[in-house]
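These numbers come from the heavy atoms of this one structure, side chains and all, not from hydrogens, waters or symmetry mates. The sequence lines fix the lettering, A, B, ..., with proteins before strands; numbering per chain opens at 1.
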Amino acid sequence: MSRFTKGLNPEQRKAVETTEGPLLVLAGAGTGKTRVITHRIAYLLEKGVPASSVLAMTFTNRAAGEMKSRIAGLVPKGGAKNLTVGTFHSLCVKALRRYSKQAGIRPGFGICDADDQLVAMKQALRELQIPESSLNPRICLSRVSLLKNRLTGPEVLIASSDEGESNLGRVYQRYDAALRVSGVLDFDDLLLYMVRLLEDRPTLALFRKRYRYLLVDEYQDTNGPQYSIVQSISGKHQNVCVVGDDDQSIYGWRGADVSKILNFGKDFPDATIVRLETNYRSTPQIIKGANAVIRNNASRHEKALRAAAADGDAIISKRLPDEEAEAQFVVEDILDRVRSEQIPLSDFSILFRTAIQPRVFEVQLRHYGIPYNLVGGMSFFDRKEVRDILAYLKIVANPDDELSLLRVINTPPRGIGTTSIEKMLVVAAEQSIPLAQVIHRNDQFPEVPPAPAQSAQRFLESLDGLRGLQSGPDLVNLVRELVNVVDYDAEIRKRYTDEEVRIKRRAAVSEIMNMAEWHARRGAKANLTSFLEDVVLSENDDRESDEEKGERVTLMTLHSAKGLEFSQVYLAGAEEGLLPHGRSIQDGDIEEERRLAYVGITRARHRLTVTYVQSRAKYGRREGVMPSRFLYEMHGEEAPKEVIAHAQRAVVEEPEKKPAKKKAKKTAKKRAKRKRRS
DNA sequence: CTGTCCTATCTTTTT
DNA sequence: GATAGGACAG
C-alpha cells in the first residue's frame with residue numbers, strides 16, 4: 001500500500017486511488033476533503049505522473065496556497081514544484097497573457113476590480129443618458145455578470161422587443177466598450193476570454209497535451225464558463241476529479257450552478273462517485289444540528305454526516321434584546337471561556353451573514369482589549385489613498401487605462417474640471433483614440449480647452465518619466481517617486497484637516513511601498529504588471545499570514561468561513577430577515593440560505609453558540625425581528641407559522657410602504673426649504 | 001473650477 | 001448612520 005493511502009478510511013482511499021477516468025467526490029463538511037485532494041496528488045506523483053501534467057483549480061487563493069503547501073509537505077523536496085495549482089481566475093490570467101495573440105487581447109491587459117467595474121458601469125449609463133435613479137448601476141452589474149456567465153452577449157438583448165431588456169443590452173455593450181477602451185478585463189471576462197481561447201484548436205491541443213490530470217476543488221461553486229474550461233481541457237482522457245458538497249453551494253448569486261455537481265454523473269457517464277460522510281471535525285451534537293437543518297432542503301444529493309468525534313456540549317442558543325447586547329454577550333462569553341478553560345483566542349470565531357454585522361462586535365472587542373482579526377469587510381484596498389495610488393500605477397503600466405486616468409486626473413486638484421474632461425472624452429470617442437492621446441495632442445483639437453488639457457498633459461508626462469522604473473528592484477522607488485511627482489501629500493492635506501488622520505493616511509501610502517518591496521523580492525520576474533495583478537486577484541486574502549495572525553479572535557462572514565474550522569464558533573444574528581436574508585425570502589430562495597446556515601454550523605469543532613436578537617437596527621431604524629426558522633430546524637422542531645408569516649409580511653409590505661412615505665417626506669422637506677428661503 | 005451642503009442609497013454574500 | 005454624488009454659490 002502506498003504511504004499516501006495509509007491511515008485513510010475506505011472511501012477516502014478509493015478517492016485517492018481512482019486516478020484514471022472521471023471521479024466525483026461528494027465530500028461533506030469536515031470529512032477530510034483537503035486530505036483526500038492532497039494525498040491524491042501526492043499519490044499521482046508517486047506513481048510517476050510528472051508534476052507538470054497536473055492541473056488543480058480552486059476558487060480562492062487561500063485554498064490554492066493551502067493545497068500547494070500541504071502537497072509540498074507530503075512529497076520529496078521539490079517534487080511539487082512543477083504542479084499547476086491556482087484559482088480559476090489566476091490561471092486564466094496566466095494563460096491569457098501567454099497566449100494573448102490567440103486570445104485576441106493585448107498581453108499587458110489590466111484587471112478591473114469591483115470598484116472599477118462600478119465606475120465603468122456608471123460611465124456607460126451616463127453615456128446612454130440613463131439616469132441612475134431609473135437603472136441602478138449595481139443591479140446592472142450583477143445582471144451583466146450573470147449574462148456573461150451564461151455566455152450571452154449584448155446583441156441578443158438589444159434585439160429584444162422588451163424595452164427593459166434591450167436597454168440592458170445597450171448598457172452591457174457600452175460597459176464592455178468602456179472596459180475595452182481602457183484595455184482591461186473584469187473578473188467574468190477572464191473566464192470568458194479563456195473559454196474563447198480554448199476554442200482555438202491548436203491552443204486547446206497544447207493544453208490537453210500538457211494537462212493530463214485535472215482536479216477541481218469546491219466543484220459546487222462552478223459556474224458556466226468554469227465548467228466549460230474544465231470540460232474543454234479534460235478532453236478525451238477525462239482524468240478529471242471534482243470534489244465538492246452540494247450542501248455547501250453558497251455562490252448561486254454569482255452564477256455558480258449547483259446542477260453542475262448534481263449532474264456530474266450525466267456529463268461523465270462512466271464516472272466513479274465516492275461519498276465521504278464520516279465527519280472528523282465536530283461533536284455528534286453539532287453534526288446532529290447540522291443534519292437537522294440541511295435535511296429540509298429538497299434538491300440535494302441524499303447523504304448523512306456521521307460524527308466520529310466524542311460527545312461534547314449541546315448547541316447553545318441565546319436570545320438577546322438587541323445587537324449591542326448580542327455583541328457584549330459573545331465577547332464576555334469569550335473572555336469567560338478564555339479565563340476558565342484556558343482556550344486560546346485563536347480557537348474562537350464569530351460568524352455573520354452580512355459584512356456590517358461585525359461593526360458592533362468590533363466596538364465590544366476593543367472595549368475589552370481583545371485582539372481580533374476581521375476577514376474581508378473594509379479592506380486595506382478599499383481605502384481611498386490606496387485606490388488612488390494604484391490608479392496612478394495602473395496608468396504607468398498602461399497609459400490607455402481610461403478608468404484609472406479618470407479617477408485621478410484631478411487628484412490632487414490640478415485645474416481639470418468635469419466640463420473639460422467631458423470635452424476631451426467626446427474628442428476621444430469621435431477620433432476613436434485613447435483619452436491619453438487627446439491630452440497629448442490637445443493643440444490639434446480646438447474644442448479642447450487648452451489650460452486644463454495642458455495641465456493634464458503635464459500630469460501624464462510626469463508619469464511617463466517613471467516608466468523606466470517598472471522592473472522588480474525598482475518597484476519601491478517607483479512608488480516613492482510617484483507619490484512625490486503627483487504630490488499626493490497635497491491631496492492628503494487638502495482632504496483631512498486632522499493631523500492624526502493625515503498620519504494614518506500617509507501610513508497607508510507607505511504600506512503600499514512595503515507591499516511593492518515585498519513583491520519585488522519574490523523573484524526576477526516581478527514587475528509592475530505582476531504586482532498590480534497580484535493586488536487585484538488577492539484583495540480579499542488576509543495579508544497578515546505572518547506572526548500577526550497569532551492570538552486573535554476571527555470575525556468573518558459565512559461566505560468567507562467556508563473551508564475553515566474553529567473549536568469555538570459563535571453564529572450571530574440567527575433571525576428571519578438576516579439568516580435567511582430578507583432578499584432571499586423575497587426571491588423565494590431559502591435553500592441557499594439554509595446551506596449558508598449549514599456551512600456556519602459545521603465550522604464548529606467543539607462548541608457552537610447561536611445568538612439572535614429581538615430588535616435590530618436597520619437603515620438606522622429599529623425593527624422587531626423573529627428568531628430564524630433554522631434555529632427551530634436545528635433543534636428538530638418546525639418553525640411556528642407566525643415566524644414565517646412575519647418574514648413574509650415584512651417582505652410584502654416594504655416595497656409598497658417605502659415610496660409613498662419617501663415622497664411625502666421629500667415634498668414636505670422641499671416645502672420647508674422654500675419657506676425658509678422666502 | 002472648487003468647496004459646501006443636501007440628498008439618496010446602501011446592506012447579501014466575492015474571484 | 002455613513003458616504004458618495006449632485007446641486008448650487010462663490
Kindly write out the residues that satisfy salt bridge (Lys or Arg N to Asp or Glu O under 4.0 Å) with A:Arg98, not counting sequence neighbours, or none if the list is empty.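 Residues passing salt bridge (Lys or Arg N to Asp or Glu O under 4.0 Å) with A:Arg98: none at all.
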
Is the cationic atom of A:Arg595 (NZ for Lys, CZ for Arg) positioned less than 6.0 Å from the six-membered ring centroid of A:Tyr598 and within 45 degrees of its normal?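 The answer is no; the distance or angle limit is not met.
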
Ignoring backbone atoms, establish whether [X] has a side-chain N or O less than 4.0 Å from OP1 or OP2 of [N].
X: A:His581; N: B:dT12; value: yes
X: A:Arg583; N: B:dT12; value: yes
X: A:Asn136; N: B:dC10; value: yes
X: A:Ser420; N: B:dC1; value: yes
X: A:Lys618; N: C:dG1; value: no
X: A:Ser560; N: B:dT13; value: no
X: A:Arg359; N: B:dT11; value: no

Are any non-hydrogen side-chain atoms of A:Ile585 and A:Glu576 less than 4.5 angstrom apart? yes

Shorter than 3.5 Å, N or O on both sides, protein versus nucleotides 2-5 of chain B: list them out with atom names.
from  : atom 1 : to       : atom 2 : distance (Å)
B:dT2 : OP1    : A:Gly415 : N      : 3.2
B:dT2 : OP2    : A:Asn410 : ND2    : 3.1

Contacts of type side chain to side chain donor-acceptor pair (under 3.5 Å), residue A:Ser228, not counting sequence neighbours: none

